[in-house]
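The sequence lines fix the lettering, A, B, ..., with proteins before strands; numbering per chain opens at 1. If you're wondering where the values come from, they're calculated on a predicted model, not measured in any experiment.
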Number of protein chains: 2
Amino acid sequence: MVEASPLILIIEDEPQIRRFLQAALTGAGYRPIEAETGKMGLAQAATQPPDAIILDLGLPDMDGLEVARQIRAWSSVPIIVLSARGQEKDKVAALDLGADDYLTKPFGVGELLARIRVALRHAARTEGEDGQAVMVVGDLKVDLAARRVFRADTEVHLTPMEYRLLTTLVKHAGKVLTHAFLLKEVWGPANARETHYLRVFMANLRHKLEADASRPRYLLTEQGVGYRLADE
Amino acid sequence: MVEASPLILIIEDEPQIRRFLQAALTGAGYRPIEAETGKMGLAQAATQPPDAIILDLGLPDMDGLEVARQIRAWSSVPIIVLSARGQEKDKVAALDLGADDYLTKPFGVGELLARIRVALRHAARTEGEDGQAVMVVGDLKVDLAARRVFRADTEVHLTPMEYRLLTTLVKHAGKVLTHAFLLKEVWGPANARETHYLRVFMANLRHKLEADASRPRYLLTEQGVGYRLADE
DNA sequence: GCGGATCTTGATGGTTTCTTGATGCAAACA
DNA sequence: TGTTTGCATCAAGAAACCATCAAGATCCGC
């Protein structure tokens, strides 16, 4: 049985940020629990499985990436990582390990809560009906069984690569997907460094699916990291 | 001038019974093909998918049940099993595996033909989307039970392969069907890579069914993927 | 075996899609 | 504010794919 308010585990060593997160989450109706170190965080996650985890990558006792890896070994709970400026590499590595989203310090309350909402919604959806044949995001519709794509109820023709790229984004709607992940999924592991492919094909998809390709509403760029399909 | 008469595969080791079946089926307007052993039968079914199969359970080289199981692995073609008196257990097992009907030796011609008619009619019905024996798409009409095809209310003659290809598309109208799927359904799993067959036969079908074969309205190409029958 | 219909196979030209490079713009950083 | 890095866009060549025609090969009933 799930309690009414989602349980959120904070793994963060700096007391200041812990207090800030605690206050923000409580105020928004969540139930935060805290852990100061990676080991404590893992113990908490194991004994009291949370609905989402906020994980600081800069922990004193162990690498934040290692924490993420160990959690992913047995759980698919949404993980939002916190990174300091200039920790781009760790951030991307965490997302590649299966983290769902990231926040760069300093960040605002609104941003934090928005990310948590998306993560929780996404988790609920994928737990529910996973083998969906038709996926809908806003006024985009992808019929996986018939292999057809619609925007605002008019069919859009996609090439094979465009279709594969879109379906990978749709299957992980709301989540940040790294360049490497998308390239591996669509073009195969051998092309994991051809980021240029992604640029060209994202541009093509935007022209076919967005009302205004230069101000995308669905196909969002995460600079230095990858892309994300907006969830609503 | 041969209509697309149903192809019936006989898997039977005893020459006497084979000759009897051959004569009875030919006389009734079917096209029988023969296999003496289980292995040969599977090979035949794979390279030249029949519309129904008559399978003797008492084969010398392999268990008739195993033959049925392997055919059911990729096809839902009707299977009528022949069993000797006292083989009740095998008969029931075969029906459990998905065989459609059975005949106990000795049996008469009338009984045999009745079972085949039932099996073919049943296949035509259940394979259609809503149990419809007649499917209509635009001004195309396919009567699965009677094996007749009409375009704008005039009958069109199709060769057996053309008919099989069209019915496969009709049964999944609106869906994109991959080359491999169509080839497996129509030419059998052994020919899953012969995409050239598809090109030739799609061209033939277009000439017979489309108003303008170079601008198809029903039989649509999905480049790099397969083909699709428009559903509206 | 013969003639007709059907299926298979090969060759050719046209079209779509993918890849690649060049260029300008936007965001991050000092 | 200038510099650097990363991103968007466009276009052209290369590659993959498709349509079509036609000539053998095969199968069928007679």
Side-chain angles (χ1 to χ4, degrees), chain A residues 83-89 91-92 104-106 157-165 178-180 182-183 186-188 190-191 193-208 210 212-216 219-228, chain B residues 1-8 22-23 25-34 44 47-49 157-165 176 178-180 182-183 186-188 190-191 193-210 212-216 219-228:
Chain A
S83 68
R85 248 178 225 296
Q87 282 187 319
E88 297 292 317
K89 262 177 77 176
K91 194 169 73 183
V92 174
T104 306
K105 301 178 193 174
H157 172 73
L158 298 186
T159 70
M161 289 301 198
E162 289 168 359
Y163 182 78
R164 289 176 66 175
L165 178 55
T178 63
H179 297 129
L182 288 168
L183 286 163
V186 178
W187 281 268
N191 300 80
R193 296 172 176 280
E194 305 285 343
T195 51
H196 197 63
Y197 290 179
L198 270 180
R199 301 213 181 94
V200 173
F201 278 81
M202 287 300 297
N204 292 345
L205 275 182
R206 279 173 176 154
H207 276 113
K208 291 186 177 183
E210 296 278 4
D212 179 359
S214 63
R215 310 178 107 256
L219 302 162
L220 307 180
T221 301
E222 295 286 335
Q223 183 122 341
V225 180
Y227 293 90
R228 177 211 306 262
Chain B
M1 139 112 183
V2 181
E3 269 305 315
S5 61
L7 194 66
I8 305 207
Q22 180 91 34
L25 294 177
T26 307
Y30 299 114
R31 289 182 299 138
I33 52 177
E34 298 186 349
Q44 289 268 35
T47 53
Q48 207 178 349
H157 170 73
L158 298 186
T159 71
M161 288 303 200
E162 288 168 1
Y163 181 78
R164 296 177 70 94
L165 178 55
V176 176
T178 63
H179 300 127
L182 288 168
L183 287 163
V186 179
W187 280 269
N191 300 83
R193 293 174 174 279
E194 304 286 342
T195 52
H196 198 65
Y197 290 179
L198 270 180
R199 301 215 181 93
V200 174
F201 278 80
M202 287 300 298
N204 292 344
L205 277 181
R206 279 173 177 155
H207 276 113
K208 292 185 179 184
L209 300 175
E210 296 278 2
D212 178 0
S214 64
R215 308 179 110 260
L219 301 163
L220 308 179
T221 301
E222 293 286 336
Q223 182 111 343
V225 182
Y227 292 90
R228 172 161 73 94

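At dG6(D), none of the side-chain N or O atoms of Thr195(A) fall inside 4.0 Å of OP1 or OP2 (strictly under the cut-off). Residue Thr159(A) places at least one side-chain N or O closer than 4.0 Å to OP1 or OP2 of dC18(C). Taking only side-chain nitrogens and oxygens, Ser214(B) never comes nearer than 4.0 Å to OP1 or OP2 of dA19(D). In this model, the phosphate group of dC18(D) is approached by a side-chain N or O of His179(B) to a distance below 4.0 Å at OP1 or OP2.
A side-chain contact (heavy atoms from CB on, under 4.5 Å) with Leu165(A) holds for exactly one of Leu198(A), Thr159(A), Leu158(A); it is Leu198(A).
Regarding Leu25(B), its CG atom lies at a distance of 16 Å from the C1' atom of dC28(D), rounded to whole Å. Separating the NZ atom of Lys208(A) from the P atom of dT16(C) is a distance of 12 Å, rounded to the nearest angstrom. With rounding to whole Å, His207(A) atom NE2 is found 18 Å from dC7(D) atom P. Nucleotide dA8(D) holds its P atom 12 Å from the CG atom of Leu205(A), rounded to whole Å. The distance from atom CZ of Arg199(B) to atom P of dT20(D) is 12 Å, rounded to the nearest whole Å. Distance Leu183(B) CG to dT8(C) P: 11 Å, rounded to the nearest Å. Computed from coordinates, the Met202(B) CE to dT20(D) P distance equals 10 Å when rounded to whole Å. Between the CG atom of Leu220(B) and the C1' atom of dT15(C) there is a distance of 16 Å, given to the nearest Å.
Among the heavy atoms of the strands, none lies under 4.0 Å from Tyr163(A).
Nearest-nucleotide mapping onto DNA chain D: of Pro32(B) and Arg206(B), the residue sitting toward the 5' end is Arg206(B). Comparing Thr47(B) and His157(A) by the nucleotide of DNA chain C whose heavy atom lies nearest to each, the residue mapping closer to the 5' end is Thr47(B). Between Thr221(A) and Leu7(B), it is Thr221(A) whose nearest contact on DNA chain D lies nearer the 5' terminus.
Rounded to the nearest 0.5 Å, atoms CG (Asp212(A)) and NE2 (His207(A)) are 9.0 Å apart. Once rounded to the nearest 0.5 Å, the distance linking OG1 of Thr221(A) with CZ of Arg228(A) reads 11.0 Å.
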Task: Protein proximity profile, nucleotides 19-30 of chain C - base contact B, sugar-phosphate-only contact S, no contact -, cut-off 4.0 Å on heavy atoms - done: BBBB----S-S-
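Using a 30° and 60° split on the angle between ring planes, Trp187(B) and Tyr197(B) fall in the tilted class, from 30° to 60°.
Taking the side chain as every heavy atom from C-beta outward, Arg164(B) and Pro49(B) approach each other to under 4.5 Å. When side chains are defined from C-beta on, His179(B) counts as touching Tyr227(B), because their heavy atoms get closer than 4.5 Å.
Judged purely by atom type and a 3.5 angstrom limit, Arg206(B) has no side-chain atom pairing as donor or acceptor with the backbone of Pro216(B).
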